[in-house]
Number of protein chains: 2
Amino acid sequence: MKSEKPNLSAIAQALGVSVATVSNALSGKGRVSSELAERIRDTAHSLGYVPSVAGRALRTGRSGVLGLVLPDIANPLFPQIAQAIEHAASAAGYGVLIGDSRGAVEQQTQAILRLIDRGVDGIIIIPRRGTRIADIGCPVAVIDTPATPGNTVASDHWAGGEEMGRHLRVLGHRSVLILAGSALSNVQNDRVGGLRAGLGPDVRADVLWLERHAEAEGAEAPLGLAARVRQGVTAFAALSDLTAVRALTELQAAGIAVPAAASVTGFDDLIWSSVITPSLTTLRMDMGEIARQAVQALAAVIEDLPHGQVTALGTVVAERAAVPMKLMLRQSSGPCPAERELLNGDEQ
Amino acid sequence: MKSEKPNLSAIAQALGVSVATVSNALSGKGRVSSELAERIRDTAHSLGYVPSVAGRALRTGRSGVLGLVLPDIANPLFPQIAQAIEHAASAAGYGVLIGDSRGAVEQQTQAILRLIDRGVDGIIIIPRRGTRIADIGCPVAVIDTPATPGNTVASDHWAGGEEMGRHLRVLGHRSVLILAGSALSNVQNDRVGGLRAGLGPDVRADVLWLERHAEAEGAEAPLGLAARVRQGVTAFAALSDLTAVRALTELQAAGIAVPAAASVTGFDDLIWSSVITPSLTTLRMDMGEIARQAVQALAAVIEDLPHGQVTALGTVVAERAAVPMKLMLRQSSGPCPAERELLNGDEQ
DNA sequence: CGTTATCGATTAAACGATTAACCAGATTCG
DNA sequence: CGAATCTGGTTAATCGTTTAATCGATAACG
């Protein structure tokens with residue numbers, strides 16, 4: 001039968017020293033003889049001592065917890081993000097509290113405030129499209145796109161788009177339809193810009209904004225992609241895998257073979273992107289790296305903050321480079337059908 | 001310029017009363033004249049008082065935080081779950097700390113221990129397939145399937161499967177292939193059982209276990225569904241939308257029209273299920289209700305726990321009924337092709 | 001009228017960790 | 001040799017909240 005949770009004084013009593021010494025020994029801050037420190041660590045370990053978060057938080061004013069706020073927690077990317085952040089935070093000694101800003105923009109602020117009330121030391125925000133984070137009295141790391149002011153760390157969406165654009169251009173496509181979500185999203189605008197740059201001036205690239213389409217036709221209405229193919233479009237570059245699979249199935253259902261008759265590409269490399277048929281050519285973010293940088297930036301600010309003081313500076317500004325995206329070359333993108341025969345007229 | 005964060009004594013000083021009275025007034029526990037209580041609440045509000053989680057946690061031994069552990073945080077269902085739990089927890093006054101048990105089974109225990117060390121009051125676990133939760137000294141709510149021992153709350157996967165089975169049988173299908181993931185998953189076994197029951201004895205229902213298939217052929221290998229169709233299978237009942245979209249695209253790519261030539265159904269109603277073509281007939285869990293029940297069960301145990309005492313009882317046992325699933329009837333399921341002409345020989 | 005309840009509020013003691021201030025003894029230095 | 005420095009520790013205060021114990025005063029009761 002275990003006794004109650006051991007605390008500092010339990011260790012202190014066991015060794016006949018003062019709690020202060022134990023605290024110093026374990027934190028390595030004060031002056032303790034290395035011999036005694038060793039013994040203290042030993043007994044602490046053998047007693048199964050684990051510091052009380054509450055006690056420490058109360059005294060130091062730091063909770064050791066980071067908040068994570070996403071525009072829409074239902075975002076299919078959330079698992080990847082959450083996992084990466086949790087991992088990075090855990091490695092840095094922080095816990096991660098989730099905050100949901102379901103729905104409207106004000107909710108985002110609400111969620112942030114709730115997290116602050118809970119005493120988080122810092123917040124990682126992936127902002128709702130078109131939102132600027134107000135200056136709250138708490139360190140904030142923003143993950144968006146490098147172009148966003150106040151951004152802390154992000155994937156290089158522009159360069160990613162550019163690479164994808166080049167990929168399609170090299171395959172010979174000359175008329176591409178970009179399937180975008182919301183024109184308010186900085187990320188999406190960057191991706192569009194990059195795509196256009198990569199496609200170059202000779203390639204026609206129209207954009208279909210799904211948000212507008214949804215307003216006009218309804219959220220689940222067909223996108224009319226078969227008609228686009230008849231008008232000469234040979235590749236569909238979706239700005240998210242979610243849209244890409246939507247496009248892919250719509251084309252397939254219309255009897256248009258992918259990639260034989262039309263190519264489809266996506267962004268994000270969501271979990272199912274590799275198992276569908278044809279598997280999806282897409283761009284993957286290095287969430288691990290992004291999370292690591294975001295957490296590091298936050299931790300740096302938090303740790304050299306005068307303790308009780310409420311920081312006036314809101315957003316953490318990091319001068320780190322944008323994290324490159326990785327092109328996942330798979331089966332959904334292929335040569336432009338017109339050029340197909342010229343290259344190799346195999347498997348029809 | 002705001003002063004420092006107001007605490008109880010700030011309010012007490014402002015009104016010339018003792019902190020204890022303020023605490024009592026705000027918590028409504030002690031005996032305070034209603035008139036004074038009113039004034040206290042007013043000034044508390046006008047000063048923007050928000051209780052210190054750390055102080056309270058230290059004193060009461062309760063952190064007001066629940067841990068959320070999922071077998072695989074990368075699970076595409078995670079967003080829904082996390083959002084629902086966060087919502088329910090928030091409504092009940094709790095925060096949600098995420099714990100990631102990425103990978104192996106031991107990690108699950110690791111994650112749980114980390115959460116406990118962080119001082120969570122209780123943990124919600126969606127266990128890794130085939131895992132039993134060891135008795136940890138902390139209230140736990142398990143979300144799995146009603147058949148699991150120690151289960152707290154769950155969807156009625158069996159009844160859901162049964163409904164889907166009936167749906168397919170009524171449509172005239174007589175040979176169905178069930179696409180399952182792992183035979184170790186209680187949830188999946190329940191779904192298979194339900195499906196078979198719903199399909200009845202006259203319908204042939206084979207099961208393709210993807211886990212075995214992946215071991216034999218590789219994770220991304222085609223499932224060979226076209227061959228199955230040639231062998232007479234007219235419907236594919238996937239145990240998750242992830243698998244369903246995999247099957248759907250494989251069939252489409254093979255030139256098999258869905259639902260004209262074969263039906264496909266799923267489970268989970270993931271975010272993209274309604275926008276693909278054809279939109280997916282699937283079963284949706286009532287995550288909101290499940291989360292609410294799980295949080296309630298936890299909160300109940302937590303709140304009448306003798307305060308400092310470490311609970312010996314591990315799992316929370318709730319006698320609640322399984323939460324029903326909801327059949328989302330969409331376009332991917334249709335009449336059995338053989339009977340199609342008999343019913344109505346329209347479009348295509 | 002003396003004895004209890006009751007009400008309304010105060011006192012003071014935790015909870016567990018951190019840390020500035022202090023102190024006794026041993027070194028070192030001018 | 002006296003003073004300053006260093007070493008290895010201890011004391012005590014503090015973070016903000018909760019809560020059991022207490023206390024004066026007023027009302028109720030036999």
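Chain naming here is simple, since letters A, B, ... match the order of the sequence lines and numbering starts at 1 in each. Source: prediction; values computed, not measured.
- Applying the side-chain hydrogen bond (donor to acceptor under 3.5 Å, both in side chains) rule to A:S155 yields no partners; only residues at least two apart in sequence or on another chain are considered.
- Applying the side chain to side chain contact (heavy atoms under 4.5 Å, CB included) test to A:A154 and every residue at least two apart in sequence or in another chain returns A:P146, A:N151.
- Every residue two or more places apart in sequence or in another chain was checked for a side-chain hydrogen bond (donor to acceptor under 3.5 Å, both in side chains) with B:T43, and none qualifies.
- For the helix from C:dC1-D:dG30 to C:dG30-D:dC1, the rotation axes defined at the first and last 5 base pairs enclose an angle of 50°, given to the nearest 10°.
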>> For a quick check, with a 4.0 angstrom heavy-atom cut-off, what is the B/S/- contact string for nucleotides 23-28 of chain C, read 5' to 3'?
In response: ------
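- A heavy-atom distance below 4.5 Å is found between the side chains of B:V142 and B:V140.
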Table of protein N/O atoms under 3.5 Å from nucleotides 12-15 of chain C N/O atoms:
from, atom 1, to, atom 2, distance (Å)
C:dA14, N3, B:R59, NH1, 3.3
C:dC15, O2, B:R59, N, 3.3

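- Each salt bridge (Lys or Arg N to Asp or Glu O under 4.0 Å) pair with one or both residues in residues 289-300 of chain A, not counting sequence neighbours, appears once here: A:E289-A:R292.
- Base contact: A:S18 has a heavy atom under 4.0 Å from a base atom.
- Backbone-only engagement by B:S33 is indicated by non-hydrogen atom pairs under 4.0 Å involving sugar-phosphate atoms exclusively.
- Evaluation of the side chain to side chain donor-acceptor pair (under 3.5 Å) test over residues 7-20 of chain B, restricted to residues two or more places apart or in two chains, returns B:N7-B:S9, B:S18-B:T21.
- Of the candidate nucleotides D:dG9, C:dT10, C:dT18, C:dT18 has the atom nearest to the side chain of A:S23.
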Please report, to 0.1 Å, the donor-acceptor pairs under 3.5 Å made by any side chain of residues 31-38 of chain B, with sequence neighbours excluded.
from, atom 1, to, atom 2, distance (Å)
B:S33, OG, B:L36, N, 3.2
B:E38, OE1, B:R41, NH2, 3.4

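- DNA chain D lies under 4.0 Å from at least one heavy atom of each of the following residues of residues 43-50 of chain B: B:Y49.
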Counting only pairs under 3.5 Å, give me each side-chain donor-acceptor contact of residues 80-100 of chain A, with atom names and distances, residues two or more places apart or in other chains.
from, atom 1, to, atom 2, distance (Å)
A:Q80, NE2, A:D269, O, 3.3
A:Q83, NE2, B:D100, OD2, 3.1
A:E86, OE2, B:R114, NH2, 3.2
A:S90, OG, B:R114, NE, 3.3
A:Y94, OH, A:E303, OE2, 2.9
A:D100, OD1, A:R102, N, 3.0
A:D100, OD2, A:R102, NE, 3.4
A:D100, OD2, B:Q83, NE2, 3.1

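- With sequence neighbours left out, B:S52 forms a side-chain hydrogen bond (donor to acceptor under 3.5 Å, both in side chains) with no residue at all.
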